[in-house]
2 protein chains.
Amino acid sequence: MDDSEICLSFLVRQAWLNMRSAVDDALAPHGLSVAQYATLLVLDEQPGASIADVARVVASTRQSANELLAGMERAGLVERRPHSRDRRTQELNLTALGRQRLKAAKPSVHAREGELEAALDARERAAARTWLAHMARAGHLP
Amino acid sequence: MDDSEICLSFLVRQAWLNMRSAVDDALAPHGLSVAQYATLLVLDEQPGASIADVARVVASTRQSANELLAGMERAGLVERRPHSRDRRTQELNLTALGRQRLKAAKPSVHAREGELEAALDARERAAARTWLAHMARAGHLP
DNA sequence: GATAGATTGACAGGTTCCTGACGAGTATTT
DNA sequence: AAATACTCGTCAGGAACCTGTCAATCTATC
C-alpha cells in the first residue's frame, strides 16, 4: 500500500481522527462531546480533583479545562466548590446527573471502539496497545 | 492494569499529541509546521494536485488547506496556477525552495520518529502499523 | 518569621480549524 | 440542448484551543 511512504505520525493522526469521529457519534445520543466524556471519566476516577489536575490528565491546558468545565457546570454535569484546605483551588465532583450520563455513555463508547477493531485478532490488539502506551510516554524522560 | 479502564481513543490521542510535538520540534529548525510538512509531502507525491485534493488526502477541509496554502505560497514553498483544462481548479506545485526544504526536513522527521519507537522490537512496530492502518480506515463502509 | 519560588484559577488576545453558504464551472441526465 | 446535480475556490462567522499574563495563595528556604 502507498501508506509506507507516508509519515508514521500521519497514520496515527488519521487513526485518531477516525476513532474520534466514531466516539463522537456514539456520544451524540447522550448529549456529550468527547472532551466532556474524558473529563467525566477523570472526575469519576479522581473525585475532588482540581481544574489543573484535569488539564494534566487529559494533556490539555488549565484554560481549556476551565472553559470546558464552565460549560459542564452550566449543564449540571459537575459541581465546583472551594477546596477545604487550599483556598486557591476548587474541588470538582460529578453530580448525580453527570454520574448517570457517564454510566449510560460508557457502554456505547466501548462497543463502538470494539466494533472498530473487531477485524483484528487479540495479538495485534495487544501489541498496538503496548506500542501506543509507549509512544504516548516516550520523550518525557530527558 | 489501569490502561484497561482508560478509553482506547485517549491512548491514541496521547500518542498522536506526543508524536506531533516531537515532529514539530524536529521541523522547527527547518521553518516548517507539521501541516506544512504534510502538504509538501502530498504535493511531492502528487504534483499538480488541487486544493480539494490536498484537503482530502490530509483529512482536512478545503478552507483549511486554502489558508495553509496561501501562507505557503507567500513563503515561496508552493506555486498555484490555473488548471489548463478545468477553470475552477488550481494546479499546485512545489517550488525549488519547497522541494529543497522537504528534502532537508525529511531525514530529521524520520530520525525523530525512529528515535521514539527505538525501544520497541520489529514485531510490535509492524503490528502497530497494521493496527493503525486498519483503525484509520475502519468505519467508512456504512 | 520573612521572603523567594511555585502553583491555581482567571482574563485578554491570537491561532487554527471548522461549518455554512455563495457564484462559477463541470458532469450527468433527460 | 436543457436541466439537474456535483465540484471547485472563497468569504463570513464561530468553536476550540493555546500562549502570556495577573493577583492570590501555598510551600520551602534562610
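Lettering follows sequence order; numbering is per chain, from 1. This one's a predicted model, so the numbers in the text were calculated from it and none came from an experiment.
Computed from coordinates, the Leu69(A) CG to dC17(D) C1' distance equals 14 Å when rounded to whole Å. Distance Leu68(B) CG to dT10(D) P: 13 Å, rounded to the nearest Å. Between Glu67(B) atom CD and dC18(C) atom P there is a gap of 9 Å when expressed in whole angstrom units. Across the protein-nucleic acid pair, Arg87(B) atom CZ and dG23(C) atom P stand 19 Å apart, rounded to whole Å. In this entry the distance linking CG of Asp24(B) with P of dC18(D) reads 13 Å, nearest Å. Summarising the geometry, the separation between CH2 on Trp16(B) and P on dC17(D) is reported as 16 Å, rounded to the nearest angstrom. Arg20(A) places its CZ atom 11 Å from the C1' atom of dC18(C), with the value rounded to the nearest Å.
Here the side chain of Asn93(B) pairs a donor or acceptor atom with the backbone of Gly48(B) at under 3.5 angstrom. Proximity of a side-chain donor or acceptor of Gln36(B) to a complementary backbone N or O of Ser33(B) within less than 3.5 Å is detected. Between the side chain of Arg99(B) and the main chain of Leu94(B), a donor-acceptor pair closer than 3.5 Å is present.
Note that OH of Tyr37(A) is 12.5 Å distant from CG of Asp24(A), once rounded to the nearest 0.5 Å.
The two residues Ala55(B) and Ala65(B) make their nearest non-hydrogen contact at CB-CB, 4.0 Å.
Using modelled atom types, one finds no donor on one side chain facing an acceptor on the other under 3.5 Å when comparing Gln90(B) with Ser50(B). There is no side-chain donor-acceptor pair under 3.5 Å between Asn18(B) and Arg13(B).
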### Message
Treating primed atoms plus P, OP1 and OP2 as sugar-phosphate and everything else as base, which nucleotides of nucleotides 4-9 of chain C get B, S or - for protein heavy atoms under 4.0 Å?
### Response
---BBB
### Task
Using the salt bridge (charged side-chain N to carboxylate O under 4.0 Å, His left out) rule, take Arg112(A) and Glu117(A) through it: C-alpha gap first, then chi angles, then the decisive distance, then the call.
CA-CA 9 Å; Arg112(A) 195 81 187 83; Glu117(A) 61 174 351; over 6 Å; no
### Message
Applying salt bridge (charged side-chain N to carboxylate O under 4.0 Å, His left out) to Asp121(A) and Arg123(A), what does each step give before you reach the verdict?
### Response
CA-CA 6 Å; Asp121(A) 60 25; Arg123(A) 217 187 321 268; 5.0 Å; no
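Side-chain N/O atoms of Ser60(A) include one lying less than 4.0 angstrom from OP1 or OP2 on dC18(D). Between Ser64(B) and the phosphate of dC18(C), there is a side-chain N or O to OP1/OP2 separation shorter than 4.0 Å. Of the side-chain N and O atoms in Thr61(A), one or more sit less than 4.0 angstrom from OP1 or OP2 of dC18(D).
The overall bend of the helix from dG1(C)-dC30(D) to dT30(C)-dA1(D), read as the angle between its terminal helix axes built from five base pairs each, is 30° when rounded to 10 degrees.
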